[in-house]
Amino acid sequence: MVVVMKNNSTPEQIKSVTKKLEKLGFKTHIIHGTKRIVIGAIGTREDLETMNLERLPGVERIVPIMKPFKLVSREAQETDSIINIKGVNFGGNNITVIAGPCAIESREQLLTAAHMVKKAGAQVLRGGAFKPRTSPYAFQGLEEEGLKLLREASQLTGLVTVTEVIDERSLNMSMDYVDILQIGARNMHNFQLLKVAGQSGKPILLKRGLSATIEEWLMSAEYIMAEGNNKVILCERGIRTFETYTRNTLDLSAVSLVRQLSHLPVIVDPSHSTGNTKLVPPMSLAALAAGANGLIIEMHPDPSTALCDGHQSLTPDELNLLMKRVTRMLEVLSDDSAVEMEDVVNG
Ligand code: PEP
Ligand code: MN
């Protein structure tokens with residue numbers, strides 16, 4: 001349930017409500033909304049205690065949350081979460097673009113890519129140092145050497161960085177080098193890793209699993225938030241269906257729906273969802289129209305030489321062009337005479 005505190009509730013009142021909840025066996029999470037403070041209380045005795053709690057000083061009302069995901073839900077927080085990472089915002093009215101190579105391959109490749117990403121106007125640089133590959137014989141990533149290159153690229157360009165972590169070892173290794181940790185599709189169900197990601201306190205980019213339902217995806221986000229980490233960005237990256245002409249099937253309805261169900265930012269990966277450079281631009285624009293808060297796009301200085309996912313990586317020129325189209329799309333979406341984004345998201 002959520003305990004909504006009054007506008008003028010004092011820090012002492014919040015503390016005493018939290019204490020009482022914890023005494024009753026609830027795990028509490030303070031959520032700072034734009035207007036007031038709410039206390040998320042996770043426990044099993046909701047029906048028993050609801051009545052008494054409403055009488056505590058400073059409490060406005062109690063809202064039971066019936067869905068299995070609690071902290072992630074719109075009931076827990078009405079307003080969009082805005083996650084600020086070194087001045088780059090995810091969520092709310094911000095549209096944030098992450099771009100870069102699938103894998104970090106060399107100093108020259110990454111630094112060239114970083115400058116191209118910056119020039120195109122994206123705010124975040126992606127690059128995998130630990131690659132979860134289908135084949136054990138495929139390139140597995142440069143590991144710590146790659147992380148060092150990512151840090152250097154960030155220092156040179158000022159770009160915020162994201163890299164995928166695949167286990168506790170890679171997570172711990174990445175902590176000092178990158179700004180955002182990605183949990184990839186294959187690890188969305190790795191609950192132990194989700195817990196450690198929650199404890200890390202770092203912003204987490206959580207991709208949807210290859211065959212995860214929307215509820216399973218949100219429950220994975222709940223794992224991270226339950227550890228006290230509110231900085232979760234969701235990423236729709238396509239799901240596996242019977243279709244073989246695309247790498248995965250991009251589920252854009254999930255984007256609009258999750259924006260209704262949750263206050264967390266939702267971005268879209270048009271690269272892994274389609275596996276086809278020709279589909280990346282149209283699906284990027286469609287994602288924004290569906291209410292996505294941003295995009296994560298694979299770009300390689302020379303896709304023909306890429307060690308990983310070259311077939312779906314844009315060239316720097318293609319990224320430039322796409323960014324221009326994204327800007328034009330945003331103008332259309334913010335035009336008063338066009339459909340308000342609120343309408344798109346809220347139906
Ligand atoms: C990636 O972003 O490089 C990646 C492996 O993505 P996903 O987990 O969505 O397959
Ligand atoms: Mn990739």
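Count residues from 1 along the sequence. When a ligand or atom number is given, it counts from 1 through the structure's own listing order.
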Any chance [atom1] of [X] has more than 12 other-residue heavy atoms, nucleotides or ligands included, within less than 6.0 Å?
X	atom1	value
Glu22	CD	yes
Asn7	CG	yes
Glu243	CD	yes
Arg107	CZ	no
Arg328	CZ	no

(request) Determine, using heavy atoms of Arg208 and all atoms of ligand 1, whether some pair is separated by less than 4.0 Å. (result) no
(message) I need the OD2(Asp309)-the Mn ion (ligand 2)-SG(Cys102) angle, rounded to 10 degrees.
(response) 100°
(request) Below 4.0 angstrom from a heavy atom of Gly184, which ligand 1 atoms are there? Numbered from 1 as shown, please. (result) 8 (O)
(request) Give the numbers and elements of all ligand 1 atoms closer than 4.0 Å to a heavy atom of Lys207. (result) 1 (C), 2 (O), 4 (C), 6 (O), 7 (P), 8 (O), 9 (O)
(request) I would like to know whether Ser304 and Asp302 meet side chain to side chain donor-acceptor pair (under 3.5 Å); could you show each step before the answer? (result) CA-CA 6 Å; Ser304 67; Asp302 180 5; 2.7 Å; yes
(request) Identify which of Arg237, Glu164, Arg133 has a heavy atom lying nearest to atom 10 (O) of ligand 1. (result) Arg237
(message) Counting only heavy atoms, tell me which of Glu298, Arg126, Arg186, His272 gets closest to atom 4 (C) of ligand 1.
(response) His272
(request) Determine yes or no for a side-chain-to-main-chain donor-acceptor pair under 3.5 angstrom, with Asn94 supplying the side chain and Gly91 the backbone. (result) yes
(message) Which atom name does His272 have for its N/O/S atom nearest to the Mn ion (ligand 2)?
(response) NE2
(request) Measure from the Mn ion (ligand 2) to every N/O/S atom of Glu298 and report the name of the nearest one. (result) OE2
(request) Return a yes/no value for Ala185: is any of its N or O atoms, backbone included, closer than 3.5 angstrom to an N or O of ligand 1? (result) yes
(message) Taking distance alone, with N or O pairs closer than 3.5 Å, would you say Asp269 contacts ligand 1?
(response) no
